[in-house]
A.B. asks: 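Here it is: the structure, laid out below.
All values reported here derive from a predicted model rather than from experimental measurement.
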Amino acid sequence: MYRKTYVDINVDNIENNIKEIINKYDYKYYIGVVKGNAAGHGMKLCKYITKFGINYLAVSSLEEALESRKYTDVPILILEPIHIDELKIAEKNNISVTISSYNYYKRINKEDYSNLKIHLKINTGMNRLGVSNKEEITEIYNDLIDDERVKLEGIYTHFATTGVNDKYYDDQLNKFVELTSDIDLNRVEMVHLGRSCTLEFHPKISFANGIRIGLIMYGIGQTFNRYIGLKGKLRKIKYHFKRKIQNISKTYESNNINLKTGIELNTEVIELQQLKPGDKVGYGLTYTANANTKIAVCPIGYADGLSLSFKNSKVSINNKLYKIVGTINMGMITIEVDSDVNIGDKVTIFGGNVNIKNVARATNNTAYTVMTHIDSQIPRRYFVHGKEDSDEE
Ligand SMILES: Cc1ncc(COP(=O)(O)O)c(C=O)c1O
């Protein structure tokens, strides 16, 4: 690594999250969702999480599945349909595939396979992928449940909302029950409906034995106290009546688990500028110094995944927060600092004491967009018990 812009992963924190989840929630399959370069953590994360209790992985594409296969032997599910002529590659690598429509199912020629594992996706209201018709679902089930060549390993759906004070979660759950009422779910090895917020907010769905977890595994919890102060109390009363009138199921207010984020995007100070009052900085001169001001320059920019809205974010240098000023450049940013900051100091863009959810809020992003936007070419370093694990695979 020459340019000192890198991602550090605290593997112990991710281990903590997985163990907390497994201790608290009772599932047979903990499916780690490692789409988007494991949410920016790098696919090598698969090597660790599958030792901590994640016993299944889920990805977006065949490319991601094959990449994660380099780090683990656990089964992998591709959540998006892949080209029919690539199913053989999936079969060969113990990669399960999604049937996302009746038409897709019809195009699979069973004679071509000896052990292809499929998960049937049911559309319950997300209206993105999945079979929506009960007769078609029943036909696919009847056709594949006892087939060895193309095996129905799983059935799943995806919730569009958190279900907190909204009825859509209940509607989707009821729809799943209705659409699968002519088939025997007990005969399907894996039934997985929920994601992190389902786990955090809702009682366990009795017939599901798998849960697909992304955010919560990465240490991003979604429960928070939304009823603080007088306004909060009024909101609580309003939601109470809304739930009653619309018959919305009750949700938990806190997950009561101790989550820790493990990802940290770091860079360093490569140059310092001393400005006088009235001096300006960068393209378009969008920043003007009000007083004598020290500016630090760091080698990171939008080509590395920092969206332009990071101009509203704060970074940490020696445990102190400083403001990014001026525009985000392709490969550099400028930060308003003080006399404590020197060339070579480490700068944390997010993670560590720069809370990822706060950064997401300040930059008009989500935690996922902040993490997944980090360019995959930026070096990832994995720390286990404080020591870098640099074993080449
Ligand atoms: C189909 C599917 N399941 C599960 C997840 C994981 O969601 P979360 O990160 O909220 O746990 C995703 C995330 O993108 C997804 O697309």
Side-chain angles (χ1 to χ4, degrees), residues 28-51 54-123 126 128-131 136-137 139-141 143-158 188-192 195 210-214 217 372 375-377 380 391-393:
K28 182 172 177 191
Y29 293 103
Y30 294 92
I31 306 165
V33 180
V34 290
K35 311 198 296 191
N37 200 21
H41 295 63
M43 280 310 203
K44 189 176 171 183
L45 193 75
C46 300
K47 165 180 151 174
Y48 306 104
I49 60 177
T50 51
K51 287 185 187 142
I54 294 293
N55 52 7
Y56 216 107
L57 294 174
V59 296
S60 288
S61 62
L62 188 52
E63 280 83 355
E64 281 186 343
L66 292 171
E67 183 61 22
S68 33
R69 178 55 74 236
K70 291 181 190 164
Y71 300 105
T72 177
D73 290 333
V74 304
I76 301 165
L77 169 65
I78 304 178
L79 297 164
E80 295 168 19
I82 64 171
H83 286 279
I84 295 284
D85 50 7
E86 287 156 1
L87 289 175
K88 278 224 168 277
I89 305 172
E91 180 184 40
K92 199 171 132 216
N93 289 282
N94 191 21
I95 293 165
S96 305
V97 296
T98 291
I99 289 188
S100 57
S101 69
Y102 183 73
N103 182 42
Y104 187 91
Y105 149 74
K106 278 295 202 193
R107 289 169 57 216
I108 299 175
N109 180 8
K110 287 204 253 175
E111 307 301 322
D112 290 345
Y113 307 98
S114 58
N115 183 29
L116 176 67
K117 292 183 293 173
I118 64 103
H119 289 224
L120 173 59
K121 184 152 194 187
I122 312 241
N123 177 26
M126 180 85 164
R128 196 170 62 171
L129 299 173
V131 185
E136 290 173 356
I137 290 165
E139 181 188 327
I140 297 170
Y141 168 88
D143 185 30
L144 298 184
I145 192 66
D146 290 317
D147 201 289
E148 286 306 320
R149 298 163 297 178
V150 177
K151 190 155 184 49
L152 180 63
E153 182 187 47
I155 289 195
Y156 73 109
T157 192
H158 194 41
V188 183
E189 178 55 31
M190 296 175 73
V191 180
H192 47 108
R195 55 187 165 109
I211 185 86
R212 301 183 305 274
I213 45 171
M217 176 172 73
T372 56
D375 192 85
S376 58
Q377 296 300 315
R380 265 73 176 168
D391 292 347
E392 285 308 314
E393 296 307 315

A.B. asks: With no hydrogens and no angle check, is any side-chain donor or acceptor of K121 less than 3.5 Å from a backbone partner on H158?
C.D. replies: no
A.B. asks: To the nearest 0.5 Å, what is the distance between CD1 (I211) and OH (Y30)?
C.D. replies: 9.5 Å
A.B. asks: Please report the closest heavy-atom contact between I145 and K151, naming both atoms and the distance.
C.D. replies: O-NZ, 4.0 Å
A.B. asks: Please confirm whether the backbone N or O of M190 pairs with a side-chain atom of E153, one donor and one acceptor, at under 3.5 Å?
C.D. replies: no
A.B. asks: State whether the side chain of N93 and the backbone N or O of I95 hold a donor-acceptor pair below 3.5 Å, judged by distance alone.
C.D. replies: no
A.B. asks: What are the two closest non-hydrogen atoms of S96 and H119, and how far apart are they?
C.D. replies: CB-CD2, 3.8 Å
A.B. asks: NZ/K110 to CG/D143 distance, rounded to the nearest 0.5 angstrom?
C.D. replies: 3.5 Å
A.B. asks: Is it the case that T98 and Y104 place a side-chain donor and acceptor less than 3.5 Å from each other?
C.D. replies: no
A.B. asks: Pair I155, I137 - check side-chain contact (heavy atoms from CB on, under 4.5 Å), show working.
C.D. replies: CA-CA 10 Å; I155 289 195; I137 290 165; 5.6 Å; no
A.B. asks: With the side chain counted from C-beta on, respond yes when I54 and I213 share a heavy-atom pair under 4.5 Å apart, and no when they do not.
C.D. replies: yes
A.B. asks: For R149 and N115: C-alpha separation, side-chain torsions, deciding distance, then whether side-chain contact (heavy atoms from CB on, under 4.5 Å) applies.
C.D. replies: CA-CA 5 Å; R149 298 163 297 178; N115 183 29; over 6 Å; no
A.B. asks: Taking S68 for the side chain and A65 for the main chain, is one N or O donor matched with an acceptor at less than 3.5 Å?
C.D. replies: yes
A.B. asks: Looking only at side-chain N and O atoms, does N94 offer a donor or acceptor that is under 3.5 Å from a partner on K117?
C.D. replies: yes
A.B. asks: Under 4.0 Å between a Lys/Arg side-chain N and an Asp/Glu carboxylate O for K106 and E136?
C.D. replies: no
A.B. asks: Kindly give the heavy-atom pair with the smallest separation between D375 and R380, and that separation in Å.
C.D. replies: O-NH1, 2.8 Å
A.B. asks: Once you round to the nearest 0.5 Å, how far does CE of M43 lie from CZ of R69?
C.D. replies: 11.5 Å
A.B. asks: Which atoms form the tightest heavy-atom contact between I31 and A58, and what is the distance?
C.D. replies: CG2-CB, 3.7 Å
A.B. asks: Roughly how far, to the nearest 0.5 Å, is CG of L144 from CD1 of I108?
C.D. replies: 7.5 Å
A.B. asks: Count the heavy atoms of every other residue, nucleotide or ligand shown that sit under 6.0 Å from CG of D73, and state whether that count exceeds 12.
C.D. replies: no
A.B. asks: Does the side-chain contact (heavy atoms from CB on, under 4.5 Å) test come out yes or no for I78 and V59, once each step is laid out?
C.D. replies: CA-CA 5 Å; I78 304 178; V59 296; 4.0 Å; yes
A.B. asks: Which pair of non-hydrogen atoms, one from A39 and one from T372, has the smallest distance, and what is that distance?
C.D. replies: CA-CG2, 3.7 Å
A.B. asks: Strictly below 4.0 Å, N to O, side chains only: are K35 and E64 in salt-bridge contact?
C.D. replies: no
A.B. asks: Do N123 side-chain atoms and S101 backbone N/O form a donor-acceptor pair below 3.5 Å?
C.D. replies: no
A.B. asks: Applying side-chain contact (heavy atoms from CB on, under 4.5 Å) between I118 and each of L87, L152, D147, report the one that passes.
C.D. replies: L152
A.B. asks: Atom CG of L57 and atom OH of Y71: how far apart are they, to the nearest 0.5 Å?
C.D. replies: 12.5 Å
A.B. asks: Look up atom CD1 in I76 and atom CD in E67, then write down how far apart they are to the nearest 0.5 Å.
C.D. replies: 10.5 Å
A.B. asks: Please report the closest heavy-atom contact between L77 and H192, naming both atoms and the distance.
C.D. replies: CD2-CE1, 3.7 Å
A.B. asks: Among L79, I82, L120, L129, exactly one meets side-chain contact (heavy atoms from CB on, under 4.5 Å) together with S100. Which residue is that?
C.D. replies: L129
